[in-house]
Amino acid sequence: MKGRAQFALVDGNNFYVSCERVFDPKLEGRPVVVLSNNDGCAVARSNEAKALAIRMGQPYFEIRDVLARHDGVALSSNYALYADMSRRMMSVIAQFAPEQEIYSIDESFLRFAGFSHWDLTAIGQQIRQRARQWTGIPVGVGIGPSKTLAKIANHLSKRHADFKAAGVCNLNDLPAWQQVRYFTETAVGEVWGVGPQWRAKLAEADILSVQDLKMADPVQIQRRFNVTLARTVRELNGVSCLPLEEVAPPRQQIIASRSFGGPVTHLTDLREAMASHVARAAERLRKEGQIAGAIQVFIQTNPFKADEPQYHPGLTLPLPIPTDDTARLTKAALWALKRLYREGFRYKKCGVMLLELSPAGQRQGDLFTAATPDRDTRRDRLMALLDTVNQTFGRGTLRLAAEGVAQPWEMRRDRVTPGYTTGWGTLARAT
DNA sequence: TCTGGGGTCCTAGGACCC
DNA sequence: TCTGGGGTCCTAGGACCC
């Protein structure tokens, strides 16, 4: 194993909670959860909250009481803050390896090739130390010869008493028998790529632990499951099949959707919400330098209300000319919405997907509409202006009238913390 | 009262082609 | 009685991830 390239997975512990704790020390040592959009359910939990058996994704109304009894805190999510803290954490981690893949807001893979004479465990400890000192975020480090093994190692670094203190688990340090022991003790559901459905199906084949899956025949696995899981088996055996992706491939679709603060019945309100989702999606589209060839619009009632009539239609519209223009996309979306809308339903959510994305530089000409480059340049400049103004003065400063003003459908966000690092008016103060 | 949002990949099956 | 073989493209649905 020693001669091969090695991977490290570095992630922030209970990331959103840790971000909040950096700026509010009163949260230390207490059960803390960060809630999803609309203050719906728990999406991050401190160790103290996990100890109270609060589950990932559990609805807020189910945990409110237990939190209150244990001096706990629930916070609305503050994504602007988490994104900024993520950027800082990632740049610190990047200093330790020649290659980094930012895999999610709180996780990154590092690849160490030609480091066989280095002590990667010691490097892992340095990463932890520096990330903590420079950003305030505690991180865990797992190291192994494939991404899947680095993931498992990261899991062991947090859950297993043997590594908890160090916070680093390097599989290369372990004698073979010991790795077998850890892998036998760890449930197969902890493997990256094995979710609840496959865990159940694997159990039918008596594959219960990480070790069982590692020992399985990849050909059999491919036949009974699919090629992805067969690849996972190879990765567990130290054969690296998943390369490091330093540059994120261009996005294939962009989704913007939200649940409403309460039920929405009128088309007028749906139109405003839809227009504001289109604006968000289009902004992301332009930031990516892409244009969309199709747009999909959907609305839905509340699936948790079993006694209410349910309706969740969608409509996909091909766009005659691919575009990144908010006004054109809005027009298409509202046209589709009008066709989907039925009176008599209590809607809970709506959204938009931008599809068939392609680079903006490769606009395909159109046989039937005379190209008028002049006009297009003006639209591009208009959109660029829109983005600049909104980036400088805040989202929604400049917007289409279709988005409305009062926005009664807005999501709940009752317990949000200040933009400690992301808003001039709310910067953290040292006193 | 109250249950998130944003992504990717794979497979099966149908329509269609020669 | 008896009805081919090989291919592509698209979509829906299902699985996974954080």
Side-chain angles (χ1 to χ4, degrees), chain A residues 9 11-16 33-45 54-65 67 74-79 82-83 86 101-109 147-148 151 154-155 188-202 221-232 241-242 245 248-263 273 277 280-281 284-285 288 294 296 298 300-308 314 316 318 346 348-357 411-415:
Chain A
L9 177 69
D11 74 338
N13 299 343
N14 313 331
F15 185 64
Y16 298 166
V33 304
V34 172
L35 301 171
S36 64
N37 276 320
N38 224 18
D39 292 348
C41 47
V43 292
R45 304 156 295 156
I54 293 172
R55 295 188 312 275
M56 183 70 177
Q58 195 168 8
Y60 178 40
F61 68 86
E62 286 180 16
I63 59 178
R64 196 170 349 203
D65 292 346
L67 273 177
L75 299 168
S76 299
S77 39
N78 186 344
Y79 285 106
Y82 311 148
S86 170
E101 170 186 339
I102 295 177
Y103 175 66
S104 76
I105 194 164
D106 72 323
E107 284 175 76
S108 71
F109 287 102
K147 282 175 151 185
T148 303
K151 273 275 206 181
N154 179 281
H155 175 261
V188 71
E190 304 298 341
V191 173
W192 191 32
V194 179
Q197 304 299 319
W198 284 4
R199 186 184 53 74
K201 207 176 159 197
L202 284 166
I221 292 289
Q222 175 155 355
R223 202 162 46 76
R224 290 188 59 169
F225 296 84
N226 67 13
V227 65
T228 316
L229 197 60
R231 202 154 50 207
T232 298
C241 307
L242 302 168
E245 293 182 19
R251 223 175 273 295
Q252 298 177 28
Q253 56 181 39
I254 291 174
I255 304 179
S257 70
R258 283 282 180 281
S259 300
F260 306 123
H277 298 335
R280 262 192 307 132
R284 258 183 273 159
L285 183 67
E288 292 251 323
Q296 183 178 339
F298 61 91
Q300 59 177 254
T301 48
N302 188 342
F304 294 101
K305 301 273 189 184
D307 51 336
E308 287 185 11
T316 308
R346 287 154 64 83
K348 179 60 178 169
K349 180 176 178 174
C350 76
V352 64
M353 298 171 69
L354 303 180
L355 310 167
E356 290 172 32
L357 307 188
M411 66 176 183
R412 266 194 312 277
R413 211 173 166 222
D414 298 334
R415 339 176 56 84

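Here the structure is a predicted model, which is why all the values come from computation and not from measurement. So that the names make sense, note that chain A is the first sequence line, chain B the second, and so on, each numbered from 1.
- Distance CD (A:Gln253) to C1' (B:dG6): 9 Å, rounded to an integer number of Å.
- How far CZ of A:Arg251 is from CG of A:Leu357: 9.0 Å, rounded to the nearest 0.5 Å.
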What would the secondary structure line of DNA chain C be in dot-bracket form, counting Watson-Crick and G-U wobble pairs under 3.5 Å, with [ ] for pairs that cross earlier ones and | for pairs with another strand? ....||||||||||||||
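- Straight-line distance from the CZ atom of A:Phe260 to the C1' atom of B:dG4: 14 Å, rounded to whole Å.
- We find the NZ-CZ distance between A:Lys151 and A:Phe109 to be 5.5 Å, quoted to the nearest 0.5 Å.
- A:Ile255 has its CD1 atom 14 Å from the C1' atom of C:dC18, to the nearest Å.
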Verdict with reasoning, A:Arg346 to A:Asn302, per side-chain contact (heavy atoms from CB on, under 4.5 Å): CA-CA 7 Å; A:Arg346 287 154 64 83; A:Asn302 188 342; over 6 Å; no
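- Remark: P of B:dC2 and CD of A:Gln58 are 17 Å apart, rounded to the nearest angstrom.
- When heavy atoms are screened at a 4.0 angstrom cut-off, A:Ile105 is found touching no nucleic acid atom at all.
- Counting non-hydrogen atoms under 4.0 angstrom, A:Gln252 reaches the backbone sugars and phosphates but no base.
- If you check every strand for non-hydrogen atoms under 4.0 Å, A:Asp39 touches nothing.
- Side-chain proximity of A:Ser259 to B:dG4, B:dT3, B:dG6: nearest is B:dG4.
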Take A:Trp198 and A:Asn226 through the side-chain contact (heavy atoms from CB on, under 4.5 Å) test and state the conclusion after the steps. CA-CA 11 Å; A:Trp198 284 4; A:Asn226 67 13; 3.2 Å; yes
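- The residue A:Arg251 sits close only to the backbone: its heavy atoms come under 4.0 Å of sugar-phosphate atoms, none of a base.
- The distance from atom CG of A:Asp414 to atom P of B:dC2 is 14 Å, rounded to the nearest whole Å.
- Rounded to whole angstrom, the span from the OH atom of A:Tyr60 across to the P atom of B:dT1 amounts to 16 Å.
- Listed nucleotides: B:dT1, B:dT3, B:dG5. Nearest to the side chain of A:Ser257: B:dG5.
- Using cut-offs of 30° and 60° on the angle between ring planes, the pair A:Tyr16 and A:Tyr82 is parallel.
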For every nucleotide of nucleotides 7-17 of chain C, 5' to 3': is a protein heavy atom under 4.0 Å from its base (B), only from its sugar-phosphate (S), or from neither (-)? --------SSS
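- Atom P of C:dC18 sits at a distance of 25 Å from the matching atom of B:dT3, rounded to the whole Å.
- As judged by a 4.0 angstrom heavy-atom cut-off over every strand, A:Arg231 is placed among residues touching the sugar-phosphate backbone only.
- Taking OG1 from A:Thr228 and CD from A:Gln222, the interatomic distance works out to 9.0 Å, rounded to the nearest 0.5 Å.
- Residue A:Phe304 contributes atom CZ, which lies 8 Å from atom P of B:dT3 at whole-angstrom precision.
- The nearest whole Å value for the distance from the CG atom in A:Leu35 to the P atom in B:dG4 is 11 Å.
- With distances taken from any side-chain atom of A:Arg258 to the nucleotides B:dG4, B:dG6, B:dC2, the minimum falls on B:dG6.
- Using a 4.0 Å heavy-atom cutoff across all strands shown, A:Arg280 reaches sugar-phosphate atoms only and no base atom.
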